Peer 1: 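The structure under discussion is supplied below as structure tokens; questions concerning it will follow.
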Amino acid sequence: MSSTAFNRLRGLFSKSPSPIITTIKANRAAEIRAPISSKDKKTLSLVKKFKETTDNPRFRRYHHYYEATVLRLAREQHFSAIRDILEHQKKYPDIMDQKFAVRLICLYGKAKMADDAQKLFDELPSLNCERTVVSFNALLGACVNSKNFNKVTELFKELPEKLSIEPDIVSYNTVVKALCDVGSVDSASVVMNEMESSNIQPDVVTFNTLLDAFYKNNRIEEAEKLWCLMEKKNVLANVRTYNSRLRGLVADNRVSDAAELIEEMGKKGVKPDNYSFNALMKGFVDVGNLEEAKVWYKKMMRNGCGPDRATFGMLIPFACDKDDFDYAFELCNDAVKAKQSVYNSVVQRVADGLVERSKNNEAQKLMKMAKLK
DNA sequence: CTAGGGTTAG
């Protein structure tokens, strides 16, 4: 509503015999003029509370609070609110500590706000904060998280010379990751080769990034070659390296090879984790083998790897597909015990299946559990 | 959020 219309309204209402009604109507008109939804109000109070909280130095060390707030605001697309609370941080003396500044740059990255990350990076000297390869790497990482991949290669080309920053292994690994993410796995391999001419040896992170990209693109042969190169360079495979390979084998329909690889990991002193077992169980799900999936689920438990959201999200619907609602129910119980959330639709499907099979007691128990969460 | 991680691979 235009302000003229508003004035006209006010003029009308001022002749109203009841002043109380006048006030209410005027307020409503003001609301129409500048609508503030209850969601916006919530955001405003969240921002206010965050600033007040971080005004206390003690709370500036609560990384999780920062991250949770930024991620929440990002999810709601309140980017100006994120800018608001992170800009506010520049008021504190902590900003002179590069560690603190790096955290803020990374937070911009998590909110996919690469330009703001760069703005802060550019301002560091004027904020009396030292700027080294670490904040440079944080900026690169923020661009990767923002999926602004061109910016990564651009900055990597320009900044080191301009700012006399020597790129290190983390810088190179971040560029490798950016190239893999954009689908240029070959260029990423080239960068790995180039590192060596800068006297920086590829490490396990470099290999893991590239291996994962090769396996994801079903370039199994090249991945195997890379694995050999890694061994030749005496870079020790860790659990993530093996997990990439497990996923690759499973994608290549080589489930039994994958199972063997898990056993081999144990022998090599690399303890399989959730991702390892999930990768293998996915193989058995893909070929419709519930019995083997059950066997490995048990092994997973025995190895002290708590099943996670991915495990339950995969196995419960699979058990339903196989009409094994008792097992699906058992898994739901485990999920509650493990404090892992399961989609309501999945729980509903299990409950419906139980009812169809006249297992009303179980169905009721299940619904009760679901409601508790 | 409520302990605490300066940057990279889920």
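Keep in mind that this is a model prediction, so the values were computed, not measured. To find a chain, count down the sequence lines: A is the first, B the second, and so on, and within it residues start at 1.
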Peer 1: Which part of the nucleic acid, if any, lies within reach of Asn243(A) when heavy atoms closer than 4.0 Å are counted: base, sugar-phosphate only, or nothing?
Peer 2: base
Peer 1: Does anything in residues 116-141 of chain A pair up under ring pair (Phe, Tyr, Trp, His ring centres under 6.0 Å), and if so which pairs, sequence neighbours excluded?
Peer 2: none
Peer 1: List the residues meeting ring-ring contact (aromatic ring centres under 6.0 Å, His included) with His64(A), not counting sequence neighbours, and say none if there are none.
Peer 2: none
Peer 1: Under 4.0 angstrom, heavy atoms only, what part of the nucleic acid is Asn274(A) near: base, sugar-phosphate, or nothing?
Peer 2: nothing
Peer 1: As a test of reading the structure: which of dA9(B), dG10(B), dT7(B) is closest to the side chain of Val170(A), going by heavy atoms?
Peer 2: dT7(B)
Peer 1: Please list all pairs passing the side-chain hydrogen bond (donor to acceptor under 3.5 Å, both in side chains) test where one or both residues lie in residues 71-82 of chain A, with sequence neighbours left out.
Peer 2: Thr43(A)-His78(A)
Peer 1: With sequence neighbours left out, which residue pairs that include part of residues 180-192 of chain A fulfil the side-chain hydrogen bond (donor to acceptor under 3.5 Å, both in side chains) condition?
Peer 2: Lys177(A)-Asp181(A), Asp186(A)-Arg219(A)
Peer 1: Can you tell me if Glu161(A) has over 12 outside heavy atoms packed within less than 6.0 Å of its CD?
Peer 2: no
Peer 1: May I ask you to check if Lys294(A) and Tyr327(A) form a cation-pi contact, with NZ or CZ under 6.0 angstrom from the six-membered ring centre and within 45° of the axis?
Peer 2: yes
Peer 1: Measure OH/Tyr108(A) against C1'/dT7(B) and give the value in whole Å, please.
Peer 2: 18 Å
Peer 1: CH2 of Trp227(A) versus C1' of dA9(B): gap in Å, rounded?
Peer 2: 14 Å
Peer 1: Using the ring of Phe100(A) (Phe, Tyr or Trp, six-membered ring only), decide whether Arg60(A) places NZ or CZ under 6.0 Å from its centre and within 45 degrees of its axis.
Peer 2: no
Peer 1: In whole angstrom, give the distance that lies between atom CG of Leu246(A) and atom C1' of dG10(B).
Peer 2: 13 Å
Peer 1: Rounded off to whole Å, could you give me the CE-to-P distance for the Met192(A) and dT8(B) pair?
Peer 2: 21 Å
Peer 1: What's Arg240(A) touching, base or sugar-phosphate or nothing? Going by heavy atoms closer than 4.0 Å.
Peer 2: base
Peer 1: Find the distance Asp97(A):CG to dT7(B):C1' and express it as a whole number of Å.
Peer 2: 14 Å
Peer 1: Looking at dT7(B), dA9(B), dG10(B), which one has an atom nearest to any side-chain atom of Lys216(A)?
Peer 2: dG10(B)
Peer 1: Let me know the distance between OH of Tyr275(A) and C1' of dA9(B), rounded to the nearest Å.
Peer 2: 11 Å
Peer 1: Please report the distance, rounded to the nearest Å, between CG in Asp212(A) and P in dT8(B).
Peer 2: 16 Å
Peer 1: Could you list by number each residue of residues 174-183 of chain A showing a heavy-atom separation from DNA chain B of less than 4.0 Å, or answer none if no residue does?
Peer 2: Thr174(A), Lys177(A)
Peer 1: How many Å lie between CZ on Arg247(A) and P on dA9(B), as a whole number?
Peer 2: 14 Å
Peer 1: Flag the pair Thr53(A) / Tyr62(A) as yes when at least one side-chain heavy-atom distance between them is below 4.5 Å, and no otherwise.
Peer 2: no
Peer 1: Would you tabulate the nitrogen or oxygen pairs shorter than 3.5 Å linking the protein to nucleotides 1-4 of chain B?
Peer 2:
| residue | atom | partner | partner atom | Å |
| --- | --- | --- | --- | --- |
| dG4(B) | OP1 | Arg61(A) | NH2 | 2.5 |

Peer 1: Taking syn as a glycosidic torsion within 90° of 0 and anything else as anti, which one is dG5(B)?
Peer 2: syn
Peer 1: For a side chain to side chain contact (heavy atoms under 4.5 Å, CB included) check, start with the C-alpha distance between Asp84(A) and Lys51(A), then their side-chain angles and the critical distance, and finish with the verdict.
Peer 2: CA-CA 9 Å; Asp84(A) 189 1; Lys51(A) 288 182 185 171; 2.8 Å; yes
